[in-house]
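We use all heavy atoms of the structure for the numbers below, so side chains are in, but hydrogens, waters and symmetry mates are not. Just so you know, these numbers come straight off a predicted model, no measurement behind them.
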Amino acid sequence: MEPPTKRAHTDFQAAQLASYKGTPLELKCINTIRTLAADMVQKANSGHPGAPMGCAPMAHVLWSSVASGGAGRSHSASNPGWWNRDRFVLSNGHACALQYVMLHLSGYEDCGMEQLKLFRQVGSHTPGHPENFCTKGVEVCTGPLGQGISNAVGMAIAAKHLGAIYNTADFPNIISNKTYVICGDGCLQEGISGEACSLAGHLGLGDLIVLYDDNHITIDGDTGLAFTEDVNKRYEAYGWHVQTVGDVANGLEDLNKAIAEAKKVTDKPSLIKIRTEIGFGSPHKQGSASSHGAPLGDREIELVKSRLYGCDPSQSFFVDDDVNAYYKQQAAEGDAARAAWDAEFAKYKVAHPDKASELERRFKHELPNDVFDDLPTFVYGKDKANATRKFSEACLNAVAPKVPELMGGSADLTGSNLCQIKGSGDFQKATPEGSTIRFGVREHAMAAICNGMFAYGAFRPFCATFLQFAGYALGAMRCSALSKFGVIYIMTHDSIGLGEDGPTHQPVEMLESLRAMPNMHVLRAADANEMAAAYQIALKNVHTPTVICCTRGTVAPLEHSSRVKAMKGAYTVIEEEGEGAPDLVLVATGSEVWRCVDAAKALQSEHSIRTRVVSMPCQDIFLQQDEEYRRSILPGNIPTLSVEASSENGWHRFSHAQIGLTRFGMSGPLEELFIKFGFGAENVASKGKALVDFYKDLGGNVPDLNARPSFVNFSGVDH
């Protein structure tokens with residue numbers, strides 16, 4: 001294919017300008033966005049050029065002030081963390097070249113031109129999908145479709161609640177931001193977005209505005225292959241304000257009008273369905289799935305630039321002076337808005353010092369000095385035995401009055417999860433000051449909404465369901481861990497010990513699935529003291545999500561449990577009798593610890609097997625301790641039996657043999673199930689003796705579980 005002549009590309013560009021209903025500079029800005037995105041993907045030889053090229057008009061509007069004919073989204077390149085910035089979420093994260101281009105044009109330091117040229121390269125600030133911890137100006141990790149729009153619902157909840165608490169009659173706009181989203185067909189096909197958007201409609205989140213890129217294309221081809229519903233009617237049924245814009249390629253007037261109208265609707269979230277063409281400007285790939293997920297090719301990009309007004313086919317990664325000046329002016333207006341807010345907040349601090357001080361503390365993720373003072377301490381022989389979910393309820397309500405940033409709720413299981421903050425009131429459309437969120441039966445969206453709340457700042461969100469139903473939420477929980485969002489997950493009914501509901505509800509693999517996830521603390525407390533440690537760990541670890549697993553049934557009291565010791569992840573709850581090393585170590589979690597205590601007593605009294613019992617509420621935290629401490633608890637060369645009513649997987653590094661689950665559970669009373677599956681004290685004692693005898697028969701040669709190398713395989717600097 002021969003490159004176009006100068007006369008030909010001049011004619012194409014003149015034709016585009018002639019049909020465009022807007023200023024030449026506006027069109028040139030939009031075309032610059034398109035070609036920069038295409039250049040990025042081409043240089044990387046990887047990525048998604050089509051959506052950025054189709055969505056460029058939307059991005060231009062969102063990054064332009066009202067005075068310049070845009071949406072007037074407030075943000076600040078010089079202070080990306082400004083509290084009252086309008087949040088932006090690119091839910092179709094594969095289109096991230098679009099976001100990086102806009103951050104570059106707006107002057108964000110992480111997206112200089114060299115970073116655009118390093119798109120998708122190791123260590124760059126322009127990774128293959130948006131990562132909040134990697135790029136300033138990116139709020140959340142998006143890419144798994146549906147997550148971003150669901151995060152945005154959480155951001156809108158956060159803003160509405162904070163505004164209700166901290167805005168005053170004399171300062172009504174301390175928290176007054178909006179949340180904007182660009183999403184695609186894929187996001188709206190994912191079930192999580194339906195869950196989240198249904199709740200958003202119920203809650204009347206009027207400051208949430210979603211621009212839906214209706215380009216009719218998915219990876220497989222036209223959306224007509226699998227997605228023919230009337231999206232507008234669905235969102236109207238959710239309680240959203242819905243508009244349609246038929247064209248943005250030839251002018252922005254209709255889009256600007258739609259956004260202005262959406263801003264006026266304060267009692268409903270808004271969806272603007274915008275008809276676009278994927279790969280706009282590409283003569284051979286526009287409107288085709290071929291522009292979705294692969295570079296256009298050098299020749300095709302040359303043709304694109306020859307057809308788009310203001311572009312030079314001979315230049316790559318080029319921003320003309322007038323375009324650069326335009327976006328610098330937009331950035332300056334954003335900084336001016338932030339400066340005006342700073343001045344207003346300074347006055348607010350004088351008029352309302354307590355509110356201002358608390359806001360500052362919350363956005364810094366600092367805890368009050370006395371936050372843990374009221375956590376309950378179990379007194380053996382005096383306090384009543386109970387289920388650990390009851391201990392969780394007590395701990396939650398002990399810390400909540402001192403940390404109002406704790407906000408959340410349950411997926412329609414409040415009475416079972418026991419996660420109601422007493423006296424908090426419900427967060428509803430009419431009562432945004434309430435801090436209990438009724439998520440409904442929407443586990444996946446619940447977790448993603450909590451991610452959005454954490455991303456907003458000033459919140460430590462929590463959510464709750466049965467542990468088995470973490471499976472519904474797992475995609476968003478993984479995003480919590482990846483994003484370094486310290487969401488607190490309260491997961492009750494944590495084993496076959498939930499009883500009669502049977503194997504559909506009894507988790508087997510879930511603990512190991514969650515433990516296998518990087519940057520995720522999984523805590524399974526054995527009693528009230530360990531539960532207090534779990535809450536202390538969760539609140540202190542701001543950038544690590546925590547799963548607090550709780551029993552449905554009662555656990556027996558532990559005489560020597562300790563909150564302080566449990567903070568180390570594992571500790572000796574029952575010492576072996578006599579001098580010297582123990583004959584056997586039993587290591588357990590949660591409801592199995594007290595059963596191991598009973599088994600240890602039987603082993604000593606009936607077989608003179610000196611048995612140590614170790615409680616291990618959190619494997620990861622234990623592994624963070626120094627080697628000396630770890631060996632003092634689990635010597636490694638003493639026969640060690642792990643006992644947990646969950647999968648055996650993961651316990652082999654801590655124990656020589658395991659009592660765990662290798663099959664699904666059954667329906668029946670919990671104590672009968674514990675005995676049937678081998679978790680009763682009698683079987684634990686029997687298997688413990690068998691383990692000791694096994695190694696005696698081998699001449700006492702017990703493999704040292706700690707005698708193995710530990711390699712660090714990651715090289716270089718992390719983000």
Mind checking whether Phe454 and His365 have ring centres under 6.0 Å apart?
yes

Original post:
Just checking, Arg438 and Phe427: is the charged tip under 6.0 Å from the six-membered ring centre and within 45° of the axis?
Top reply: no

Phe439 versus Asp412: any side-chain heavy-atom pair under 4.5 Å? no

- Answer with yes or no whether the side chains of Thr554 and Asn386 bring together a donor and an acceptor at under 3.5 Å. no

* Is the shortest distance from a Lys or Arg side-chain nitrogen in Arg361 or Glu405 to a carboxylate oxygen in the other one below 4.0 Å? -> yes

Nearest heavy-atom approach of Asn519 to His543 is ND2-O, 3.1 Å

Would you say the side-chain atoms of Gln658 pair up with the backbone N or O of Leu641, donor to acceptor, closer than 3.5 Å? no

Please work out whether the ring planes of His505 and Phe469 are parallel, tilted or perpendicular, with thresholds of 30° and 60°. perpendicular

Item to complete: Test the Lys568-Phe622 pair against the cation-pi criterion, namely NZ or CZ under 6.0 angstrom from the six-membered ring centroid and within 45° of the ring axis.
Response: no

Sub-3.5 Å donor-acceptor pair from the side chain of Gln625 to the main-chain atoms of Ile621, do we have one? yes

Q.
When you compare the side chain of Pro703 with that of Tyr695, does any pair of heavy atoms fall below 4.5 Å?
A. yes

| query | Is atom CZ of Phe133 surrounded by more than 12 heavy atoms (other residues, nucleotides or ligands) closer than 6.0 Å? | reply | yes

Would you say the side-chain atoms of Glu644 and Thr589 include a donor-acceptor pair closer than 3.5 Å? yes

Tell me if a side-chain donor or acceptor on Thr431 pairs with a main-chain N or O of Asp426 at a distance below 3.5 Å.
yes

Ionic contact status for Arg389 with Glu393, cut-off 4.0 Å = no

Worksheet item: Distance-only, no hydrogens or angles: does the Arg460 side chain make a donor-acceptor pair with backbone N or O of Gly486 under 3.5 Å?
Response: yes

Task: Whether Ser605 side chain and Lys601 backbone form a donor-acceptor pair below 3.5 Å - done: yes

Q.
I want to know whether Phe694 and His656 have ring centres closer than 6.0 Å.
A. no

| query | Can you check side chain to side chain donor-acceptor pair (under 3.5 Å) on Gln428 and His202, steps first, answer last? | reply | CA-CA 8 Å; Gln428 295 286 357; His202 165 75; 2.8 Å; yes

Quiz item: Which is it for Val573 and Val593 under the side chain to side chain contact (heavy atoms under 4.5 Å, CB included) test, yes or no, and what are the steps along the way?
Solution: CA-CA 9 Å; Val573 73; Val593 174; 4.1 Å; yes

Would you kindly say whether Gln536 and Arg563 are connected by a side-chain donor-acceptor distance under 3.5 Å?
yes

Using the side chain to side chain contact (heavy atoms under 4.5 Å, CB included) rule, take Cys450 and Phe459 through it: C-alpha gap first, then chi angles, then the decisive distance, then the call. CA-CA 9 Å; Cys450 285; Phe459 284 90; over 6 Å; no

Q) Is Phe677 close to Asn683 at the side-chain level, that is, under 4.5 Å between some pair of heavy atoms? A) no

### Query
Just by distance, with hydrogens left out, do Ser655 and Ser642 show a side-chain donor and acceptor under 3.5 Å apart?
yes

Answer yes or no: is there a donor N or O on one side and an acceptor on the other, between the side chain of Asp370 and the main chain of Asp373, under 3.5 Å?
no

Heavy-atom closest pair (Ser424 atom, Ser435 atom, distance to 0.1 Å) is CB-OG, 3.1 Å

Notebook entry, point to check: Are Lys402 and Asp374 within salt-bridge range, i.e. N to O under 4.0 Å?
Noted result: yes

Asp383 side chain to Val379 main-chain N or O, any donor-acceptor pair under 3.5 Å? yes

Quiz item: Hey, does the side chain of Asn417 reach the backbone of Cys419 with a donor-acceptor pair shorter than 3.5 angstrom?
Solution: no

Check your understanding: If you measure from the Lys or Arg side-chain nitrogens to the Asp or Glu carboxylate oxygens, is any gap between Lys689 and Asp693 under 4.0 Å?
Key -> yes

Which of Gln468, Arg524, Met510 passes side-chain contact (heavy atoms from CB on, under 4.5 Å) with Ser495? Answer is Arg524

ask   = When you check the side-chain N and O atoms of Ser392 and Tyr535, is any donor under 3.5 Å from an acceptor?
value = yes

Margin query: Show, in sequence, the C-alpha distance, side-chain angles and deciding distance for Ile574 and Thr611, and conclude whether the side chain to side chain contact (heavy atoms under 4.5 Å, CB included) test is met.
Written below: CA-CA 8 Å; Ile574 294 290; Thr611 305; over 6 Å; no

From the list Gln147, Glu190, Glu195, side chain to side chain donor-acceptor pair (under 3.5 Å) partner of His444 resolves to Gln147

TODO: Might you work through the side chain to side chain contact (heavy atoms under 4.5 Å, CB included) test for Cys618 and Leu523, ending with a clear yes or no?
DONE: CA-CA 5 Å; Cys618 186; Leu523 289 127; 3.7 Å; yes

May I ask you to check whether His560 and Glu575 show a side-chain donor-acceptor distance below 3.5 Å? no

Donor-acceptor pair between Asn529 and Ser562 side chains, under 3.5 angstrom: no

| query | Do Tyr380 and Ser561 have a side chain donor and acceptor closer than 3.5 Å? | reply | no

Looking at Phe674, does the NZ or CZ of Arg595 lie under 6.0 angstrom from its six-membered ring centre and within 45 degrees of the ring axis? yes

Under 3.5 Å, is there a donor on one side chain and an acceptor on the other for Ser615 and Glu530?
yes

Under a 3.5 Å distance rule, please check whether Glu592 uses its side chain to pair with a backbone N or O of Ala588 as donor and acceptor. no

### Message
For the backbone of Ala476 and the side chain of Ser480, can you confirm whether one donor and one acceptor N or O come within less than 3.5 Å of each other?
### Response
yes

Open item on the list: Checking Thr551 against Asp494: is there a side-chain donor and acceptor pair closer than 3.5 Å?
Closed with: no

